[in-house]
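Note that the structure is predicted; figures quoted are calculated from it, not measured.
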2 protein chains.
Amino acid sequence: MPVTLKELAARANVHPSTISRVANNDPGLRIASATRSRIEALLRETGYRPNGIARGLKMRQTNVLAVVIPDVTNPFFAALFRGVEDAAAPRGFNVLLCNTDGLPERQRSHLESLQARRVDGVIVASSFLKDPSVRELREQKGPYVLVNRFSDEGEDPFVGSDDLLGGQLATAHLIELGHTRIGHLAGKSTVSTGMLRRRGYLAAHTAAGLPVDPGLTVEAGYTEESGAVATRRLLSVDDPPTALFAVTDMVALGAAEVARQMGFRIPEDLAIVGYNDIPLASRVSPGITTMHVPIHEFGSVAARLLLDQIENDEPTRRRVRFTPDLIVRESTVAGAASSQRSRRLNFSAE
Amino acid sequence: MPVTLKELAARANVHPSTISRVANNDPGLRIASATRSRIEALLRETGYRPNGIARGLKMRQTNVLAVVIPDVTNPFFAALFRGVEDAAAPRGFNVLLCNTDGLPERQRSHLESLQARRVDGVIVASSFLKDPSVRELREQKGPYVLVNRFSDEGEDPFVGSDDLLGGQLATAHLIELGHTRIGHLAGKSTVSTGMLRRRGYLAAHTAAGLPVDPGLTVEAGYTEESGAVATRRLLSVDDPPTALFAVTDMVALGAAEVARQMGFRIPEDLAIVGYNDIPLASRVSPGITTMHVPIHEFGSVAARLLLDQIENDEPTRRRVRFTPDLIVRESTVAGAASSQRSRRLNFSAE
DNA sequence: TGCCGATGAACAAACGATTGCGCTAGCCTA
DNA sequence: TAGGCTAGCGCAATCGTTTGTTCATCGGCA
């Protein structure tokens, strides 16, 4: 059992409050230097660390943040989390990680538990456009930041990419390559990234004066498996698309695998563009052309937004939106990304 | 500000303790049914949730676990963490995630902070053979479990694989394929996995009556980059090895990339075996032959060990060791794992 | 009528820390 | 020598729960 203030006080023959003040380096503290050094010696000797629970109760601050994501084994969210922790740890915060598997019910129960725990702030990267649990966050007035996906029912603090533009750029790239029948492996229409990237896909067609075949858009969700299933459907029709824009890299990966199994050569028979530029995208073969977004920064910026809210004790409305960059690899242009890959993995001998 | 017991007590004209008893469904509680229903209505109406901090202070239990790992963006540790959370969440525990980047100093500071926070248990997957911070854990008598890597300075609760056997099986596989000059991209000798897998590598040679060239073993650490650097060194000598046993899949991946850059064909010129069977290993091309270990189970078993300790309030000494399985893929046998890959990714159309 | 036992709920002491305020000496000053 | 100032600490409330104990009330029974 760790040592408490009271015990130290007994050993030093002073009142607990005095120990507390010395331990916390209370600036306006007037104390005899003899007493001070006696206490400081005791603190060092016992390695006293204030009980964070008691401290949290009194100070109404736990120094804990929470990150709510669908699944940390998805490299996108793993990188996001690192961004959060890298920003939070130096400021003395620990971070709870909650996986929802995309289930609103698990998200709700996690959020409820986090609230009971009185975490100082929550980062949610698994929200829906209409999201009851985000609504609750909004009403509770506790610090929170939405990442990657936002909710359109209110003005929440947000960090993410310009998904409309990203969808447009990705699709425009395929159009420039001469494709006219471009399929879309869409995200869910209930999720901001799904909705916006799809709108970008449509906008690119409009801008190019290209007709859109609604039959070429299929909701593929966000996992590799669902991407694979959707692709199989899309490629089984009479007049299959010659290119695919997938809502995420994971979906693109599932698509590439299935396409290959079905005998399509990539990119000759089927070009594929993903989104997010997860590390995997550059290392599979062929490398996946994708929209690069600063995933780690998503996390660190969100954490900073949160920490600033906590320290200033006032909510923010800031919405940070990064502009995605097209990264061309072999999944759309044969031989294109070889320079990319070698750059990424060109380790020096020392 | 969430509602407190005291406020509810005032509204219900009862003492806070009565509310607490009703809310907690105190079994031996004698209460007038009128009072009970009045209170229950109030609880529902306000959605009262006890303050976890205050509760933790009184109960001396936070219902928080912590996982300390080198880096969650490494898929091995991401899967490990999921295992922990999947076992902990149903039992009402949240999980803190701490990344150390393999730095003992960061591990120490994290562990210190976790102790101050009074987390109920700690899972450490980043320990060294001689590890001062593990020694502290051991002395503090708080629940903890070591995962994947152990420390040899004491009998700690542990979950991991039989690394000696694993190293032996991996190397024996290469020997059976006819290789006689087998390189080893070793882990650090200060880490149990590094030491044991290397001993397995040696044991396999001995068992086969094969001489060991010490020049073919080089310490490669655990990252892809360090694996690449080490491989470049190993392949630059006059008489390079024809096969490589890498301490982890990440290291094997770095090796494969560099080998290819240097003009080696895999597996014809250079066969490669990894360890852990991370998802990446089966999806790169060529697929990496590797020792399969149940990563998710590492996490869930460790969590269960921890939770049992917490509930029974007594430490355990249990050491769980899984037997690793050889998975043969194209990095050692051309065309071998095509069945593997398609099995893994053979999505049904529905 | 008087006493006893149950019943229903209040009391109060923790848990360990923080912090505004008050109290006691001692010394200086007028 | 009285009054005041200040240095150096102690006091006690507080954060929100939990839980063993006590207290009041009422009904029943002799």
Quiz prompt | Under 3.5 Å: donor-acceptor pair, side chain of B:Asp120, backbone of B:Asn63 | solution = yes
Quiz item: Any donor-acceptor pair under 3.5 Å linking the side chain of B:Asn74 with the backbone of B:Phe76?
Solution: yes
Quiz item: Any idea which heavy atoms bring B:Pro143 and B:Leu306 closest together, and the distance?
Solution: C-CD1, 3.7 Å
Rounded distance (Å) that lies between atom [atom2] of [N] and atom [atom1] of [X]:
X       : N      : atom1 : atom2 : answer
B:Met1  : D:dC15 : CE    : C1'   : 12 Å
A:Ile19 : D:dG10 : CD1   : C1'   : 13 Å
A:Arg60 : D:dG16 : CZ    : C1'   : 9 Å
A:Ile31 : D:dG10 : CD1   : C1'   : 12 Å
A:Leu29 : D:dG10 : CG    : C1'   : 13 Å

Quiz prompt | Intermediate values then yes/no, salt bridge (Lys or Arg N to Asp or Glu O under 4.0 Å), B:Arg117 and B:Glu112 | solution = CA-CA 9 Å; B:Arg117 246 180 237 316; B:Glu112 204 168 291; over 6 Å; no
Quiz prompt | Pair listing, ring-ring contact (aromatic ring centres under 6.0 Å, His included) test, anchored in residues 126-161 of chain A, at least two apart | solution = A:Phe150-A:Phe158
Self-check item: Between the first and last five pairs of the helix from C:dT1-D:dA30 to C:dA30-D:dT1, the angle of the axes, rounded to 10 degrees
Solution: 80°
Practice problem: Classify the side-chain pair B:Thr4/B:Tyr48 by whether it contains a donor and acceptor separated by less than 3.5 Å. | Solution: no
Self-check item: Between A:Asp131 and A:Gln107, a side-chain donor and acceptor under 3.5 Å
Solution: yes
Practice problem: Evaluate the side-chain contact (heavy atoms from CB on, under 4.5 Å) criterion for residues A:Ser151 and A:Arg138: first the C-alpha distance (whole Å), next the side-chain angles of each, then the deciding distance (0.1 Å), finally the verdict. | Solution: CA-CA 11 Å; A:Ser151 159; A:Arg138 209 177 286 131; 3.3 Å; yes
Self-check item: Upstream residue (5' side of DNA chain C) when B:Val14 and A:Lys6 are each assigned their closest nucleotide
Solution: B:Val14
Practice problem: Hey, could you give me each pair passing side chain to side chain donor-acceptor pair (under 3.5 Å) that has a residue in residues 311-320 of chain B? Not counting sequence neighbours. | Solution: B:Arg91-B:Glu311
Exercise. Run the salt-bridge test on A:Glu153 and A:Arg135 with the 4.0 Å N-O cut-off and return the result as yes or no.
Key: yes
Practice problem: Apply side chain to side chain contact (heavy atoms under 4.5 Å, CB included) to A:Arg118 and list each qualifying residue two or more places apart in sequence or on a separate chain. | Solution: A:Thr62, B:Pro2, B:Asn51, B:Ile53
Quiz item: Taking 5' to 3' order, which nucleotide of DNA chain C is first and which is last to have an atom within less than 4.0 Å of a heavy atom in chain B?
Solution: C:dT7 to C:dG16
Quiz item: If the sugar-phosphate is the primed atoms plus P, OP1 and OP2 and the base is the rest, what is the B/S/- string for nucleotides 18-24 of chain D, using protein heavy atoms under 4.0 Å?
Solution: BBB----
